[in-house]
Amino acid sequence: MPTAPLPQFPAGFRWGVSTSAYQIEGAVGADGRGPSIWDTFAHSPGRIADGSSGDVACEHYHRHREDVALLAGLGVTAYRFSVAWPRIQPGGTGPAHPRGLDFYDRLVDELLAHDIDPVATLYHWDLPQPLEDAGGWLARDTAARFAGYADLVAARLGDRVKLWITLNEPFVQMSLGYGTGEHAPGRTLLFDAFPVAHHQLLGHGLAVAALRARSGSPVAIANNYSPVRARGGTDADRSAAAAYEALHNRLFTDPLLGRGYPEGTIGDPSVVRDEDLAVIAAPIDVLGVNYYNPTGVRAPQEGSPLPFELAPLDGYPRTAFDWPVAPDGLHELLGWLHRTYGDALPPVEITESGCAYHDVPDADGRVHDPERVAYLDGHLRAVRAALDDGVDVRGYFVWSLLDNWEWAEGFTKRFGLVHVDYATQARTPKSSYAWLRDAIAAARRKPAR
Ligand code: FCB
């Protein structure tokens with residue numbers, strides 16, 4: 001358990017936690033919500049490790065006051081949640097469903113009453129099923145639909161949300177959702193999934209304009225990044241690493257920051273119209289960075305459909321997801337963003353960072369998670385090291401407040417600072433919650449620098 005106090009962070013540094021709608025809300029039939037691709041996927045046999053779905057999840061929809069009290073107890077200055085598109089437009093188009101908006105209205109007001117900045121993500125993977133039936137993110141029209149939805153949410157919440165995030169991890173939506181099929185909607189198009197990248201980015205750009213028309217608050221996107229390490233010293237290993245880096249780290253960042261698509265990533269060029277790149281490169285105020293781990297890459301076996309092969313990275317402790325715990329990777333990544341994009345890089349906020357462990361209550365009902373404390377301590381020190389190098393990092397959001405429904409892993413992976421007993425919905429703050437509460441309090445007490 002780390003005992004040394006954390007170093008200082010700049011005054012106004014944002015301390016937050018993140019969640020997403022389908023992973024915590026439950027209440028999938030409440031107040032007119034329509035089905036999303038995740039409802040369909042989770043209810044298809046064999047898709048989810050434990051056969052579960054997000055039908056009930058953490059019942060946050062009905063317990064949001066209790067959950068905001070947990071946020072207040074933690075002392076965070078911001079809370080990142082996502083708005084469920086199928087609650088706002090159950091059919092994916094048309095006017096807003098008022099009762100869907102009412103829920104987020106109540107949540108936002110509850111947060112503000114506790115001095116917590118509402119940070120709203122508009123899309124955390126829960127596409128309304130009717131839009132998937134019309135082609136999903138393979139269809140260009142979905143980009144315009146997304147901007148229409150952004151407009152509806154901003155019209156209601158634009159005066160109170162403090163930071164907008166358009167999309168969460170469009171790389172994962174493309175690669176796991178449409179490339180390999182491990183996530184909803186379960187398509188297996190491999191590199192033919194490229195239009196999903198372009199249409200999400202176009203939707204992002206159109207949504208930036210819609211948000212700016214309704215709200216004076218800053219706008220961001222949350223991309224996930226992974227520093228890429230070549231395993232093996234051959235030229236083929238190095239080009240495999242470069243190919244993976246283009247796909248994972250640059251495909252969704254180069255065009256945003258005005259550089260167009262990295263060479264070799266576009267696939268069918270007719271998907272990209274001349275005017276699209278300017279829309280995509282609309283200035284953003286913050287780049288959201290989700291970081292979990294670095295990736296080892298080597299040259300593919302002969303006959304592989306991919307230009308790379310993922311390879312394990314040795315020498316790190318591992319989480320219950322078998323992900324390496326590598327705070328040095330976060331430091332490396334922030335340096336890479338800073339060097340690669342220079343002045344084009346907006347201020348950065350770490351919009352997700354966290355770890356899964358097999359957290360079980362002890363005989364007294366307490367949940368000790370020293371590994372998570374060590375994880376957070378290490379990653380916060382990595383952020384501090386990046387600040388020292390001159391990277392403008394403005395905030396850090398832990399994934400996640402609560403144990404929750406972890407997509408294809410169902411309830412088998414616990415990422416929360418707060419343990420959830422899914423049978424009773426009892427919330428029990430883990431020891432990492434107490435540690436983070438004390439760390440935030442100490443950081444906020446310190447003089448500005
Ligand atoms: C990220 C997702 C988030 C959660 C964490 C563990 O990729 O954005 O919803 O699943 O991973």
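Quick note: numbers below take in every heavy atom, side chains included, and nothing from hydrogens, waters or symmetry partners.
Closest non-hydrogen pair, Glu182 versus Ala408, comes out as O-CB, 3.6 Å. Of all heavy-atom pairs between Val228 and Asn249, the closest is CG2-ND2, 3.8 Å. Closest non-hydrogen pair, Pro7 versus Arg381, comes out as CD-NH1, 3.6 Å. Nearest heavy-atom pair across Pro262 and Ala246 is CG-O, 4.0 Å. A pairwise comparison of heavy atoms in Leu74 and Val17 identifies CD2-CG1, 3.8 Å as the closest pair. Summarising the geometry of Cys355 relative to Tyr357, their closest heavy-atom pair is SG-CE1, 3.4 Å, with the distance given to 0.1 Å.
In this structure, a donor-acceptor pair under 3.5 Å is present between the side chains of Asp369 and Ser432. A donor atom on one side chain and an acceptor atom on the other are found under 3.5 Å apart for Gln23 and Ser20.
Every residue two or more places apart in sequence or in another chain that forms a side-chain hydrogen bond (donor to acceptor under 3.5 Å, both in side chains) with Asp322 is listed here: Arg318. For Thr77, the side-chain contact (heavy atoms from CB on, under 4.5 Å) partners are Arg14, Trp15, Arg444, not counting sequence neighbours. The side-chain contact (heavy atoms from CB on, under 4.5 Å) search around Asp237 returns Thr234, Arg298, Ala299, not counting sequence neighbours. The side-chain contact (heavy atoms from CB on, under 4.5 Å) test applied to Ser175 returns Phe171, not counting sequence neighbours. Shown here are the side-chain hydrogen bond (donor to acceptor under 3.5 Å, both in side chains) partners of Arg99, two or more places apart in sequence or in another chain: Asp31.
With rounding to the nearest 0.5 angstrom, the OG1 atom of Thr40 is 8.0 Å from the CD1 atom of Ile37. Here the straight-line distance linking atom CG of Leu201 with atom CE of Met174 works out to 9.5 Å at 0.5 Å rounding. Between atom CG of residue Asp285 and atom OG of residue Ser217 there is a gap of 9.5 Å, rounded to the nearest 0.5 Å. To the nearest 0.5 angstrom, Thr265 atom OG1 is 5.0 Å from Leu251 atom CG. Taking NE2 of His43 as the start and CG of Asp55 as the end, the distance is 3.5 Å to the nearest 0.5 Å. Atom CG of Asp328 is separated from atom CG of Leu333 by 11.5 Å, given to the nearest 0.5 angstrom.
In summary, Asp377 and Arg372 do not engage in a salt bridge, as defined by a charged side-chain N under 4.0 Å from a carboxylate O. In summary, Arg250 and Glu245 do not engage in a salt bridge, as defined by a charged side-chain N under 4.0 Å from a carboxylate O. Under the 4.0 Å criterion applied to side-chain N and carboxylate O atoms, Glu332 and Arg229 are assigned as salt-bridge partners.
A donor-acceptor distance shorter than 3.5 angstrom exists from the side chain of Asn404 to the backbone of Leu402, with no hydrogens or angles considered. A donor-acceptor distance shorter than 3.5 angstrom exists from the side chain of Asn290 to the backbone of Glu352, with no hydrogens or angles considered. Panel note: side chain Arg384, backbone Gln8; a donor-acceptor pair is recorded below 3.5 Å. Judged by distance alone, the side chain of His331 and the main-chain N or O of Pro327 form no donor-acceptor pair under 3.5 Å. A donor-acceptor distance shorter than 3.5 angstrom exists from the side chain of Ser226 to the backbone of Asn293, with no hydrogens or angles considered.
When side chains are defined from C-beta on, Pro346 does not count as touching Val286, because their heavy atoms never get closer than 4.5 Å. Side-chain contact between Val367 and Asp362 is absent, with no heavy atoms from C-beta onward closer than 4.5 Å. Looking at heavy atoms from C-beta onward, Thr19 lies out of side-chain contact with Arg80 at the 4.5 angstrom threshold. With contacts defined as side-chain heavy-atom distances shorter than 4.5 Å, the pair Ile165/Leu122 does not qualify. Contact of the His97 side chain with the Ile88 side chain is not registered, since no non-hydrogen atoms from C-beta on lie closer than 4.5 Å. Between Leu436 and Val398 there is a side-chain heavy-atom pair separated by less than 4.5 Å. For the pair Ile24/Val420, no side-chain contact is recorded, criterion being any heavy-atom separation below 4.5 Å from C-beta on. For the pair Tyr79 and Phe397, the minimum side-chain heavy-atom distance is 4.5 Å or more.
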Before giving the answer on side chain to side chain donor-acceptor pair (under 3.5 Å), spell out for Asn168 and Thr121 the whole-Å C-alpha distance, their side-chain angles and the decisive distance to 0.1 Å. CA-CA 7 Å; Asn168 179 70; Thr121 304; 5.9 Å; no
Determine, step by step, whether Tyr261 and His198 satisfy the ring pair (Phe, Tyr, Trp, His ring centres under 6.0 Å) criterion, reporting the C-alpha distance in whole Å, the side-chain angles of both residues, the deciding distance to 0.1 Å, and the verdict. CA-CA 9 Å; Tyr261 285 106; His198 184 63; 5.8 Å; yes
Report the C-alpha distance between Phe103 and His64 in whole Å, list the side-chain angles of each, state the deciding distance to 0.1 Å, and finish with yes or no for ring pair (Phe, Tyr, Trp, His ring centres under 6.0 Å). CA-CA 9 Å; Phe103 168 69; His64 68 276; 5.3 Å; yes
Take Asp359 and Lys413, measure what salt bridge (Lys or Arg N to Asp or Glu O under 4.0 Å) needs, and give me the verdict at the end. CA-CA 9 Å; Asp359 302 316; Lys413 300 290 182 291; over 6 Å; no
Let me see the working for Arg156 and Asp102 under salt bridge (Lys or Arg N to Asp or Glu O under 4.0 Å), right down to the final yes or no. CA-CA 9 Å; Arg156 180 63 106 60; Asp102 289 348; 2.9 Å; yes
Would you sort out whether Arg87 and Glu25 count as a salt bridge (Lys or Arg N to Asp or Glu O under 4.0 Å), showing the intermediate values? CA-CA 11 Å; Arg87 289 197 191 280; Glu25 285 179 0; 2.7 Å; yes
If you apply the rule ring pair (Phe, Tyr, Trp, His ring centres under 6.0 Å), what do you find for Trp125 with Tyr22, and how did you get there? CA-CA 9 Å; Trp125 305 346; Tyr22 189 65; over 10 Å; no
Evaluate Asp117 against Arg394 for salt bridge (Lys or Arg N to Asp or Glu O under 4.0 Å), listing each step before the verdict. CA-CA 14 Å; Asp117 284 353; Arg394 304 269 176 99; over 6 Å; no
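Residue pairs meeting the salt bridge (charged side-chain N to carboxylate O under 4.0 Å, His left out) criterion with at least one partner in residues 416-425, sequence neighbours excluded, do not occur; the list is empty.
When the shell of 6.0 Å around CG of Asp343 is examined, it contains 12 or fewer heavy atoms from other residues, nucleotides or ligands. More than 12 heavy-atom neighbours from other residues, nucleotides or ligands sit within 6.0 angstrom of CZ on Arg63.
Residue His248 is tested with Asn224, Asn223, Thr295 for a side-chain hydrogen bond (donor to acceptor under 3.5 Å, both in side chains); the sole match is Asn224.
Side-chain rings of Tyr123 and Trp137 approach one another, their centers coming within less than 6.0 Å. Taking the ring centroids of His204 and Phe146, they lie at or beyond the 6.0 Å cut-off. Ring centroid separation for the pair Tyr292 and Trp399 does not come in under the 6.0 Å cut-off.
Relative ring orientation between Trp336 and Tyr225 is described as tilted, the plane-to-plane angle lying within the 30° to 60° band. The aromatic rings of Tyr149 and Trp85 sit parallel, their planes meeting at an angle under 30°, below the 60° perpendicular limit.
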